[in-house]
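What follows is a short report on a single structure.
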Amino acid sequence: MADSPDPAPNADKDKEKAKEARAHFIEQIIRADLESGKYGGRVHTRFPPEPNGYLHIGHAKSICLNFGLAEKFGGLCNLRFDDTNPVKEEQEYVEAIRDDVRWLGFDWGDREFYASDYFEQLYQWAEKLIRQGDAYVCDLSAEEIREYRGTLTEPGRESPYRNRSVEENLDLFRRMRAGEFPDGSRTLRAKIDMASPNLNLRDPVMYRILHAEHHRTGDQWCIYPTYDWAHGQSDSIEGITHSICTLEFENHRPLYDWFLDRLGVHHPQQIEFARLNLTYTVMSKRRLLELVQEGHVRGWDDPRMPTICALRRRGYTPESIRAFAERIGVAKFNSTIDIQVLEQCLREDLNRRAPRAMGVLDPLKIVLTNYPEDRVEELEAINNPEDPSMGKRLVPFSRELWIERSDFMEDPPRKFFRLAPGREVRLRYAYIIRCDEVVHDPKTGVVTELRCSYDPQTRSGMPQQRKVKGTIHWVSCAHALSAEVRLYDHLFRVPDPGAERDWREDLNPQSEEVRTNCFVEPSLRGADVGARYQFERLGYFCVDPDSTADHPVFNRSVTLRDTWAKIQKKETRK
RNA sequence: UGGCCCCUAGUGUAACGGCAGCACGACUGACUCUGGAUCAGUUAGUCUAGGUUCAAAUCCUAGGGGGCCAGCCA
């Protein structure tokens with residue numbers, strides 16, 4: 001009996017092994033490098049945004065990846081702004097990016113860098129390449145360079161300026177820096193191979209003349225390095241071990257390798273992964289910018305946007321976004337994630353943490369005819385059934401109440417568990433009531449009021465002798481706080497906007513519905529901007545900055561899962 | 001049309017020549033004073049065709065499908 005072998009150690013080992021094996025491919029590469037001692041056991045990554053727009057959920061994936069990997073392997077992750085194009089970049093974006101990364105929960109310590117920090121070093125390295133005969137000043141215009149480059153199927157032709165002497169190149173390049181030539185008149189090019197099947201290797205431009213004010217270096221420079229020339233070397237300077245980037249830079253890797261090798265400097269390993277695509281949204285910076293500029297949304301932080309600041313305003317938590325990044329994984333396959341995965345991550349997080357409250361979005365008045373007119377009861381309600389430590393609160397109850405219009409049907413279908421003429425329902429944390437009479441507007445026929453009776457023996461907490469199928473939420477009319485609630489739906493009405501027609505035509509005209517006539521329980525008075533609640537049976541809501549002390553504005557972050565809606569949908573399909 | 005990369009349940013992702021697994025979804029049931037949450041269960045997959053091998057999702061070849069590249073953008 002005592003001698004039966006204990007399977008636990010092996011099972012644990014297997015589990016451990018399985019867990020380790022489940023690591024995504026970038027992690028596996030890093031583990032291998034750690035084992036072989038490739039970078040002296042170091043892991044150093046970086047998140048390199050260009051400060052020309054706001055960060056979106058796709059960037060969040062990259063941020064979580066880069067900072068997460070560093071954290072996991074006891075390494076570091078830098079924040080570096082790739083600011084090589086002064087005409088597009090602004091300080092405003094730098095600050096927004098910093099806020100967003102910090103909000104997501106990551107810390108880059110004192111390692112906030114800028115590609116522009118390296119302009120002088122880059123310049124010196126460019127001279128070195130010229131001296132080595134690896135770069136030359138080219139007088140071809142932009143159009144001519146394009147013509148000379150060839151096409152996907154035909155090789156390019158060599159520039160007539162390709163074989164200038166080192167002395168002439170150095171002289172010309174220094175005069176470019178000195179500002180002797182107008183914009184676009186000359187470039188510095190790497191001398192590689194005009195016949196390469198990889199177009200990035202057909203003598204790519206390293207410097208262009210641009211008499212533009214840079215947000216950090218001012219008018220110190222009139223030549224600016226291209227991204228291709230700056231990026232790999234910036235990583236090298238910072239001692240980055242693993243340069244993680246998206247798939248479209250795969251074709252550039254041979255170029256970056258070439259630069260690093262010619263320079264003979266520290267050579268990080270570039271690893272490419274698939275960027276995030278989400279259904280019912282757009283993610284390209286250009287389209288996001290157009291959404292803002294053309295007024296399809298109210299701004300970068302409009303809660304319908306996929307930007308980090310918009311998700312924040314909408315009520316997303318950093319934890320939910322990080323959980324999302326974890327859940328979707330990392331691979332090289334170009335996939336599209338269903339936006340519901342993101343929404344579900346929010347629900348899971350908020351279900352555990354958000355206090356509950358009652359709010360009525362589409363009010364219908366009910367009068368409890370057998371409840372004394374001047375009576376008010378303070379009923380006990382649980383703040384979060386998932387977390388008893390969040391305690392309880394008192395909610396006032398009285399004769400006249402608001403309930404949700406959709407919780408009543410005059411002619412209910414089967415499976416409708418809510419209120420209907422002659423039917424009973426429980427008022428959450430209160431009594432079971434019965435609908436005795438329906439009052440209509442004599443002109444329109446619209447239901448204006450329900451006259452109900454309550455059963456005093458059924459107050460919440462009393463020993464229950466009978467059960468009812470449905471429980472609905474309510475707010476006492478006399479005590480209700482009036483509120484505005486903004487209901488959001490997907491910004492686009494199709495999963496892949498722009499696939500069939502201009503993406504603008506795919507905008508969802510019902511992506512925002514503002515309800516100004518809502519009532520919430522009085523405990524919500526003075527709720528802090530950014531506070532998140534679950535309105536029972538409806539969804540999660542977040543206090544918008546547009547709120548005032550007496551008139552809160554709530555954004556619906558996400559609905560609760562709605563089984564009833566699902567049943568309805570199925571019924572109508574039949 | 002040239003080059004590079006990719007293809008595993010509905011979706012996403014593991015398996016690194018040796019039993020195709022996990023998560024989410026969907027479906028069924030239990031429970032429930034949120035039609036929420038939770039719990040239990042079911043469902044379903046290696047793009048195709050050859051080859052190598054005792055053994056192929058994995059290696060090779062061909063085909064199919066998809067992505068990226070012809071900015072002095074990043």
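In this text the structure is predicted, and so the values were computed from the model without any measurement. We use all heavy atoms of the structure for the numbers below, so side chains are in, but hydrogens, waters and symmetry mates are not. Labels below follow one simple rule: chain letters A, B, ... track the order of the sequence lines, proteins then strands, and each chain is numbered from 1.
- Distance noted for atom P between B:A49 and B:A57: 13 Å (whole Å).
- Straight-line distance from the CD atom of A:Gln534 to the P atom of B:A37: 9 Å, rounded to whole Å.
- Listed pair A:Thr84 / B:A74 meets the phosphate criterion, a side-chain N or O lying under 4.0 Å from OP1 or OP2.
- Aromatic ring centres of A:Tyr533 and A:Phe541: separated by at least 6.0 Å.
- Put simply, A:Arg149 has a side-chain N or O that comes within less than 4.0 Å of OP1 or OP2 on B:C72.
- Taking atom C1' on both B:A15 and B:U38, the two are 31 Å apart, rounded to the nearest angstrom.
- Of the P atoms belonging to B:C59 and B:C16, the separation is 11 Å, rounded to the nearest Å.
- Two rings, from A:Phe397 and A:Trp474, have their centers less than 6.0 Å apart.
- Checking B:A15, B:G35, B:A74 against the side-chain heavy atoms of A:Gln28 singles out B:A15 as nearest.
- Taking a pair as Watson-Crick or G-U wobble with both distances under 3.5 Å, RNA chain B forms stems of 3 or more consecutive pairs at B:2-7 with B:64-69, B:10-13 with B:21-24, B:26-30 with B:38-42, B:47-51 with B:59-63.
- In this structure, A:Phe47 places its CZ atom 16 Å from P of B:A74, rounding to the nearest Å.
- If you take NE2 of A:His252 and C1' of B:A70, they are 12 Å apart, rounded to a whole angstrom.
- Per the geometry, CZ belonging to A:Phe417 stands 10 Å off P belonging to B:G35, to the nearest Å.
- Among B:C16, B:G35, B:A74, the nucleotide with an atom closest to any side-chain atom of A:Thr563 is B:G35.
- Regarding A:Ile337, its CD1 atom lies at a distance of 13 Å from the C1' atom of B:G10, rounded to whole Å.
- On the C1' atoms, B:A20 is 35 Å away from B:G36, given to the nearest whole Å.
- Among B:U34, B:C72, B:G35, the nucleotide with an atom closest to any side-chain atom of A:Val205 is B:C72.
- What separates CG of A:Asp183 from C1' of B:C73 is a distance of 16 Å, to the nearest Å.
- Distance OH (A:Tyr533) to P (B:U34): 22 Å, rounded to an integer number of Å.
- For the atom pair CG of A:Asn200 and CG of A:Asp193, the computed distance is 12.5 Å after rounding to the nearest 0.5 Å.
- Taking atom C1' on both nucleotides, B:G63 is separated from B:C27 by 38 Å, rounded to a whole Å.
- A centroid separation of less than 6.0 Å is found between the aromatic rings of A:Tyr227 and A:Phe249.
- Because its NZ or CZ atom is not both nearer than 6.0 Å to the ring centre of A:Tyr136 and within 45° of the ring axis, A:Arg164 does not count as a cation-pi partner of that residue.
- The side chain of A:Arg208 contributes an N or O atom lying less than 4.0 Å from OP1 or OP2 of B:C73.
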I'd like a list of close polar pairs between nucleotides 4-9 of chain B and the protein, N/O only, cut-off under 3.5 Å.
{"from": "B:C5", "atom 1": "O2'", "to": "A:Glu250", "atom 2": "OE2", "distance (Å)": "3.3"}

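- Where A:Arg146 and A:Glu536 meet RNA chain B, the nucleotide closest to each residue was compared, and A:Glu536 sits on the side nearer the 5' end.
- Taking only side-chain atoms of A:Pro385, from C-beta outward, the nucleotide of B:A74, B:G35, B:U34 with the closest atom is B:U34.
- The gap from the C1' atom of B:A55 to that of B:C19 amounts to 13 Å, rounded to the nearest Å.
- Toward the 5′ end of RNA chain B lies the nearest nucleotide of A:Ala274, the other residue of the pair A:Ala274 and A:Ala565 mapping further downstream.
- For A:Leu152, the side-chain atoms get nearest to B:G2 when compared with the rest of B:G12, B:G2, B:A74.
- Comparing atom distances between the A:Leu199 side chain and each of B:U34, B:C72, B:G2 picks out B:G2 as nearest.
- Taking atom C1' on both B:C22 and B:U8, the two are 13 Å apart, rounded to the nearest angstrom.
- Annotation: A:Phe113 is not in aromatic contact with A:Phe81 [ring centroid separation under 6.0 Å not met].
- Whole-Å rounding puts the A:Asp203 CG to B:A70 P distance at 16 Å.
- With B:C16, B:A14, B:G36 as the choices, the nucleotide that has an atom nearest any side-chain atom of A:Glu386 turns out to be B:G36.
- Rounded to the nearest Å, the gap between the C1' atom of B:U13 and that of B:U46 is 13 Å.
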List every contact pair, protein side and nucleotides 20-28 of chain B side both N or O, where the distance is under 3.5 Å.
{"from": "B:A26", "atom 1": "OP1", "to": "A:Lys566", "atom 2": "NZ", "distance (Å)": "3.0"}

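- Aromatic ring centroids of A:Phe173 and A:Tyr123 lie under 6.0 Å apart.
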